[in-house]
Amino acid sequence: MKEKLLKILGLEHKSEYVKNFFYTSNMKASIYMSVYISCMEIWMIIRLLSRQLQGIDIRSTDYYISHYFNYAMLLASALAMLIFAVGYIRGRKRSVLFGYVLKWAFILICLSFGIEISASDYGKGEQVFTFLTMELFAACLLTWYPIVGFLIISVSYGIFYLTLDTTLITATGAIGSTDATKINLFIMWAATLFCSFGNYARTASQAEKAEELARINDHLEDIAEHDELTGIHNMRFFRAEAGKMLSEKKKSELTFLFLDIENFKAYNETYGFSQGNELLRRVGEMIEQAFTYSLSARFSDDHFVVLTSNPGAEGTVSLISEKLTGEKSAVQLHLKCGAYKPAENDDDPILACDRARFACNSIKKHFGRLYRVYDEELESAYRLKQYVVNNIDTAVREENLRVFYQPIVSVSDGTVTGIEALARWNDPSHGLLMPKSFIATLEEHRQIHKLDMFMIERVCRDIRHRLDTGSSCPPVSVNLSCLDFELVDIVAFLCSAVDKYSIPHSLIDVEITESSLVGGKEALKAALDRIRGEGFGIWLDDFGNGYSALNVLKEYHFDVLKIDMLFLEGYPENKNTASVLENIISLADKLGMVSLTEGVETAEQYELLRKIGCGLAQGFMISEPMPITGLDEKMLTGGFMTAAK
Ligand code: C2E
Ligand code: MG
Ligand code: MG
């Protein structure tokens, strides 16, 4: 109720924005008013002066003095108001308080001028237009809070009425105002009030809408420049500002940094997304605080970028890293940072960030390495990466990709039970490229399906050939990337390739790495079910290389568990190898999976696998991956079996 009353009176709480809106709208209205009044008064002065000089109406000196004084006062106040308001609108610094004082002085002068001139005109039997004009200008053109408008209008009408009623004798000789004048004045008073209130209501609603728009605009600007999650700048802002810095500053003094939180995925898995987001916010804050005079932004996910001229960037990064490592968490977090110093011709901040990122990725699994500067060695690797992305289509088209095969043997008797298909890229200019030079790049650029589809096709063709020529034909396992399932319908492709060459489905197995399966992707699970339904085997590759291996085993069933070669590394020096492997093998047994250990390089390692009951083995000791022809020769001569026995 109280609120409502205050609102009617215009006394409710108003935001700074709304107050400012009223003030500005009054300043604009004052400009129209003061220009009009200045012109009128100049004209009145000139008119009076010419009449005086020409002797048209002979008036008393007092008459001239009082009229010149009134005109001059009004003109002076209008000019002062005009100068102030124009300055304010043009954005000059003006005292708000002085603006209020000036406005009030101007209004009071206008109204008293109107009252005086019209009262005198009324006495002469003329109309009261001057008063009404001033009233409209002062009370209706400007915006007043209703209560203030009511007071100004009522008081000025009251004074005018009293002046007429008590002091003036009309032209007809009657004292005071006539009844008709009283009624007219009352009607005018009410009409002026309505105009004033109406003006207030209109301006108030405009102010509200403008405030809402300004708020939306601020929000949009904020989103345009800031990352919604962390509150620090986003890449759009970074790109624009870094572009300016590259063109304005000495490039040799600048360094692009790319920061990555190692183990963030595990943190997210352990503590959930909201805690993960909280961590990202904290890291964003740490980076902003540590690089105060630099440009920083969130790149994506758990990646941040900084453009700095700080020569001790490495030290600053290590301080952030210490803070991060000091976080109380079951997951050990580490920071990795790549640094790139832009060359003279570097103008694109995104390419510079990409190089810093490349440097950062190069130390990703290197424990204890925090910082790597992008150097010549990385530059040639980076160029190779660009080459791979730009030439995968050509490589597929011109059949520069090759399938190498590596046999898998049964540990107990050394017979070849399967072969793994591994990709090689025989490039005309770079020679034979190994998967580590192109798999991750193709995945990063979402092109991996092109390679994998080529491999499936080629493997099927090779199997057909072997079947047709009567060669021995153990099942072939192909490696698929989890991205294949997103980028194409790889299951349908596999089925069509197998059907095209009329190959029994039991001759193909699919290898999937455990990291692909992290996060319980439903679509992937459905795709694996389809693979199984079609009669292909599903193998879990590189088991133990990630961090949530056991979780993956809970969710899916695999035919073969390929134990990552890192478990065999260091054997026999490492005394734990035997018991760790033994446990994994017994786990595989319990879950109904065949165990396969990768990376068997020595007879001692092979012997260990035999002792602890591992089902299958694969490794350089048995055979390196080789082209199909070499494999056939070895199979015929029983080369693998001799090696394994
Ligand atoms: P992977 O599937 O685990 O394949 C085994 C890798 O270990 C192969 O490396 C193989 O040459 C190597 N290897 C085998 N025995 C030994 C050994 O005794 N000692 C050592 N140090 N290494 C051994 P490669 O051929 O370089 O392949 C690397 C990875 O690239 C593969 O690991 C697989 O994840 C991926 N890959 C290979 N071909 C393809 C493909 O066609 N598609 C996809 N998506 N990934 C592929
Ligand atoms: Mg594999
Ligand atoms: Mg593997």
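Reckoned from all heavy atoms, side chains included, excluding hydrogens, waters and symmetry mates. Model, not experiment: these values are computed from the prediction. Whatever order the structure lists them in is the order used to number ligands and atoms, beginning at 1.
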### Query
Stepwise, does the salt bridge (Lys or Arg N to Asp or Glu O under 4.0 Å) test hold for Lys611 with Glu607?
CA-CA 6 Å; Lys611 245 184 11 211; Glu607 194 42 42; over 6 Å; no
### Task
Mark yes or no for whether Asp559, through its side chain, and Trp539, through its backbone, hold a donor-acceptor pair below 3.5 Å.
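Answer holds: no.
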### Query
Taking only residues two or more places apart in sequence or in another chain, which ones pass side-chain hydrogen bond (donor to acceptor under 3.5 Å, both in side chains) with Asn583?
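Counting only residues at least two positions away or on another chain, Asn583 forms no side-chain hydrogen bond (donor to acceptor under 3.5 Å, both in side chains).
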Run the side-chain donor-acceptor check on residues 390-400: report pairs under 3.5 Å with partners two or more places apart or on a different chain.
{"from": "Asn390", "atom 1": "ND2", "to": "Gln386", "atom 2": "O", "distance (Å)": "3.1"}
{"from": "Asn391", "atom 1": "ND2", "to": "Tyr387", "atom 2": "O", "distance (Å)": "2.8"}
{"from": "Asp393", "atom 1": "OD1", "to": "Lys450", "atom 2": "NZ", "distance (Å)": "3.1"}
{"from": "Glu399", "atom 1": "OE1", "to": "Arg458", "atom 2": "NH2", "distance (Å)": "3.4"}
{"from": "Glu399", "atom 1": "OE2", "to": "Arg458", "atom 2": "NH2", "distance (Å)": "3.2"}

Which class fits the ring pair [X] and [Y]: parallel under 30°, tilted 30 to 60°, perpendicular over 60°?
| X | Y | answer |
| --- | --- | --- |
| Phe367 | His334 | perpendicular |
| His303 | Phe299 | tilted |
| Tyr267 | Phe264 | parallel |

### Query
Using 4.0 Å as the upper bound for N to carboxylate O, is an ion pair formed by Glu522 and Lys525?
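Looking at Glu522 together with Lys525, the answer is no, because their closest N to O distance does not fall below 4.0 Å.
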#### Entry: Residue and atom, protein N/O/S, under 2.8 Å of the Mg ion (ligand 2)
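Near the Mg ion (ligand 2), the protein supplies Glu420 OE2, Asn479 OD1, Glu511 OE1, Asp541 OD2.
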### Query
With a cut-off of 6.0 Å (strictly less than), are more than 12 heavy atoms of other residues, nucleotides or ligands near NE2 of His465?
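No, not enclosed.
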Please produce the table of protein N or O atoms sitting under 3.5 Å from N or O atoms belonging to ligand 1, one pair a line, distance to 0.1 Å.
{"from": "ligand 1", "atom 1": "2 (O)", "to": "Glu420", "atom 2": "OE2", "distance (Å)": "2.9"}
{"from": "ligand 1", "atom 1": "2 (O)", "to": "Asn479", "atom 2": "OD1", "distance (Å)": "3.0"}
{"from": "ligand 1", "atom 1": "2 (O)", "to": "Asp541", "atom 2": "OD2", "distance (Å)": "2.8"}
{"from": "ligand 1", "atom 1": "3 (O)", "to": "Asp542", "atom 2": "OD1", "distance (Å)": "3.0"}
{"from": "ligand 1", "atom 1": "3 (O)", "to": "Glu598", "atom 2": "OE2", "distance (Å)": "3.0"}
{"from": "ligand 1", "atom 1": "15 (N)", "to": "Gln406", "atom 2": "NE2", "distance (Å)": "3.0"}
{"from": "ligand 1", "atom 1": "18 (O)", "to": "Phe620", "atom 2": "N", "distance (Å)": "2.8"}
{"from": "ligand 1", "atom 1": "19 (N)", "to": "Glu601", "atom 2": "OE2", "distance (Å)": "2.5"}
{"from": "ligand 1", "atom 1": "21 (N)", "to": "Glu601", "atom 2": "OE2", "distance (Å)": "3.1"}
{"from": "ligand 1", "atom 1": "25 (O)", "to": "Arg424", "atom 2": "NH1", "distance (Å)": "2.8"}
{"from": "ligand 1", "atom 1": "25 (O)", "to": "Arg424", "atom 2": "NH2", "distance (Å)": "3.1"}
{"from": "ligand 1", "atom 1": "38 (N)", "to": "Ala423", "atom 2": "N", "distance (Å)": "3.0"}
{"from": "ligand 1", "atom 1": "42 (N)", "to": "Asp452", "atom 2": "OD1", "distance (Å)": "2.6"}
{"from": "ligand 1", "atom 1": "42 (N)", "to": "Asn479", "atom 2": "O", "distance (Å)": "3.3"}
{"from": "ligand 1", "atom 1": "44 (N)", "to": "Asp452", "atom 2": "OD1", "distance (Å)": "3.2"}
{"from": "ligand 1", "atom 1": "44 (N)", "to": "Asp452", "atom 2": "OD2", "distance (Å)": "3.2"}

